[in-house]
Amino acid sequence: MPILIRSWPRLLFAAAVLALPHPFLAQAIDKPLPLHAALQDKDFYLLSLLQEDPRVRTALMADKSLDLISAERQHFLAWSLKTCKGDAACTLKSLLWTEEEIRMVSFALEQLYQEDSSLRELVDKSLRPSGAYVLYQKQSGDRLLINAWEVCARGLNDIIEVYGQGAAPRYPQIDSISFDVHSAEFQHHIATIADQISSALASQLFFEPSLKAALELLALNHRDEAGRLEPMEVEVNKAAVDAVSSIQWKKYDYSVIVVPGAGPEDPNTALSDAGRKRTALAADAYHAGKAPFILVSGGYVHPSQTRFSEAMEMKKALLHDYNVPEAAVLVDPHARHTTTNMRNAVREIYRYNMPMDKPALVISDAAQTSYIASQFFADRCLKEMGYLPYKIVSQPSDTSLVFLPLIESLQQDPLDPLDP
């Protein structure tokens, strides 16, 4: 049974997927996914689907194998509450999924998929069309379900370990826990969360105690970045999204001009000098008629826990300083790295129904443009995301790159929970 982890197994599978043609492109819905609880849905789309379907929920609750797994985990949590004596790391250990437990759930889901029509319908009518697990789109329904579950299980573990036990995230300077895990305040918070979870165990699905813990830990650490400004198509991106259907794409060389953000290190500075320079270059290209839209990308990143989104500040500059109309500006206020600047831009191109076969233009300073064009950056994308979100076509200048968007960018990644 395939196991999704951060290192080589993920890369080998992604390489196999990239070698395939893309007949599954049309199977993913080319419109924004409905987000009922934005943070949970963006990190754990499968788990949201399982929760929301009454027939599936009933089937999961009645499954004997899943019930046994839940009972054992409930027993471990109850034991931890009695023996850990307020030690947060010890208490939260009972909410982590072991490799054996993950495999046991995978086997149970595979069996239930074969036996229960409601679960098959959920996979065929909701999970597969979502595109949230597009790397597994060509697999059978049961394999798609299992791989999506394993992605979610490892994402739950990652959040609990980083934001509950103080483990180091991939980028400690900007993504770390907000508390001293040994402080009395934090220990009290964790005890409260564990008590709340324990009091409602009987009515919960097998994954819900860990899911509740993960979401509570993100909230406790003020790490709701992934859910901010969602749903974007009805708020910050509404004017531009409404304009997409009227665009005569043949008039333009590119579908969109993508501008990666550059965060300041001063908490009181809204837009860095580098960010403003990139914005000005993009405005010049827009006024020259290169593309009908500018997509500015950058989240609440530098310094850690900043109140400013790079994308939102660049949008303000475009509107107020560079005479770009709001209907021509899209924002991605979530990307935390150059890798996800590219990935999230592709997601918006696809979700907002822009042509995926039309090249897009990246505009930045010469140093970042050279970096994006490099093999080092491509290797970083493969290492951190498991795929390339783009295909470089050409480099017209030292401040611009032409690329084609790739559908793999839809893949949800809760191992990066602040921008999955």
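All heavy atoms count here, side chains included; hydrogens, waters and symmetry mates do not. Values in this document were obtained by computation on a predicted structure and should not be read as measured data.
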Enumerate the residue pairs fulfilling disulfide (SG to SG under 2.5 Å) with a member in residues 30-123, sequence neighbours excluded, ordered by first and then second residue.
C84-C90
Are the side chains of L415 and V151 in contact, using a 4.5 Å heavy-atom criterion?
no
Salt bridge present between D175 and R336 (N-O < 4.0 angstrom)
yes
Judged by modelled atom types alone, do S304 and Q173 share a side-chain donor-acceptor pair under 3.5 Å?
no
Do you know the tightest heavy-atom contact between R347 and P420?
NH2-O, 3.2 Å
Take E384 and R380, measure what salt bridge (Lys or Arg N to Asp or Glu O under 4.0 Å) needs, and give me the verdict at the end.
CA-CA 6 Å; E384 296 182 8; R380 180 184 168 191; 3.1 Å; yes
Pi-cation contact, Y300 with R228 (under 6.0 Å, within 45°):
yes
Got a salt bridge between E225 and K42, using NZ or NE/NH1/NH2 to carboxylate O under 4.0 Å?
no
For L47 versus Q40, what's the shortest heavy-atom pair and its separation?
C-NE2, 4.4 Å
Ion pair present between E233 and K31, side-chain N to carboxylate O less than 4.0 angstrom?
no
Between I349 and P355, which heavy-atom pair has the shortest distance, and what is it?
CG2-O, 4.1 Å
So, for V324 and A328, which heavy atoms are closest and what is the spacing to 0.1 Å?
CG1-CB, 4.0 Å
Is the closest side-chain heavy-atom distance between F293 and I247 below 4.5 Å?
yes
The test is side-chain hydrogen bond (donor to acceptor under 3.5 Å, both in side chains); show your working for N344 and E348 and say whether it passes.
CA-CA 6 Å; N344 291 1; E348 291 197 16; over 6 Å; no
Heavy-atom check, side chain of V296 versus side chain of D332, under 4.5 Å:
no
Can you find a pair of side-chain heavy atoms, one from L211 and one from Q51, that are under 4.5 Å apart?
yes
Is R343 salt-bridged to D419, going by a charged N under 4.0 Å from an acidic O?
yes
Is a side-chain donor or acceptor of N221 paired with a backbone partner of L217 at a separation under 3.5 angstrom?
yes
Is it true that K238 and D242 have a side-chain N and a carboxylate O under 4.0 angstrom from each other?
yes
Locate the shortest heavy-atom distance separating G261 from R278; write the atom from each residue and the value.
O-NH1, 2.9 Å
For the residue pair L406 and V346, establish whether any side-chain heavy-atom pair is separated by less than 4.5 Å.
no
Working for side-chain hydrogen bond (donor to acceptor under 3.5 Å, both in side chains), residues D142 and Q114:
CA-CA 8 Å; D142 55 346; Q114 304 300 331; 3.3 Å; yes
Side chain to side chain donor-acceptor pair (under 3.5 Å) partners of K85, counting only residues at least two apart:
none
Are more than 12 heavy atoms, taken from residues, nucleotides or ligands other than K290, located less than 6.0 Å from that residue's NZ atom?
no
Short question: side chain of Q165, backbone of A89 - any donor-acceptor pair under 3.5 Å?
yes
Which atom names give the shortest non-hydrogen contact between P32 and Y352, and what distance separates them?
CG-CE2, 3.7 Å
Under the ring-ring contact (aromatic ring centres under 6.0 Å, His included) test, residues paired with F186 that sit two or more places apart
F179
Report yes if the side chains of E408 and P389 come closer than 4.5 Å at any heavy-atom pair, otherwise no.
no
Please assess I294 against V259 for the test side chain to side chain contact (heavy atoms under 4.5 Å, CB included), listing each intermediate value before the final yes or no.
CA-CA 7 Å; I294 298 175; V259 190; 3.8 Å; yes
Taking CD in E115 as the centre, count heavy atoms belonging to other residues, nucleotides or ligands within less than 6.0 Å. Is the count above 12?
yes
Strictly below 4.0 Å, N to O, side chains only: are E121 and R55 in salt-bridge contact?
yes
List the atom pairs, with distances to 0.1 Å, where a side-chain N or O of residues 391-400 and a protein N or O form a donor-acceptor pair under 3.5 Å, not counting sequence neighbours.
residue: Q395; atom: NE2; partner: S397; partner atom: O; Å: 3.4
residue: S397; atom: OG; partner: T399; partner atom: N; Å: 3.3
residue: S397; atom: OG; partner: T399; partner atom: OG1; Å: 3.4
residue: S397; atom: OG; partner: S400; partner atom: N; Å: 3.3
residue: S397; atom: OG; partner: S400; partner atom: OG; Å: 2.7
residue: S400; atom: OG; partner: S397; partner atom: N; Å: 3.3

Check this for me: does any side-chain nitrogen of one of E99 and R154 sit under 4.0 Å from a carboxylate oxygen of the other?
yes
Please determine if E150 and R103 form a salt bridge, counting it only when a charged side-chain N lies under 4.0 Å from a carboxylate O.
no
Can you list the residues that meet the salt bridge (Lys or Arg N to Asp or Glu O under 4.0 Å) rule with K358, with sequence neighbours excluded?
none
Taking the inter-plane angle between the rings of Y390 and F377 on a 0 to 90° scale, is it parallel (under 30°), tilted (30 to 60°) or perpendicular (over 60°)?
parallel
Just do the side chain to side chain contact (heavy atoms under 4.5 Å, CB included) check on L60 and L112 with the steps written out, would you?
CA-CA 8 Å; L60 294 173; L112 189 59; 3.6 Å; yes
Sub-4.5 Å side-chain heavy-atom contact between Y387 and S409
yes
Could you walk me through whether W97 and S210 satisfy the side-chain hydrogen bond (donor to acceptor under 3.5 Å, both in side chains) test, starting with their C-alpha distance in whole Å, then the side-chain angles of each, then the deciding distance to 0.1 Å, before giving a yes or no?
CA-CA 8 Å; W97 287 89; S210 295; 3.3 Å; yes
Check ion pair E101-R73 (N to O, under 4.0 angstrom):
yes
Using modelled atom types and a 3.5 Å cut-off, is there a donor and acceptor pairing between side-chain atoms of Q111 and backbone atoms of F107?
no
Residue set satisfying side chain to side chain donor-acceptor pair (under 3.5 Å) with W149, at least two apart, ordered chain then number -> none
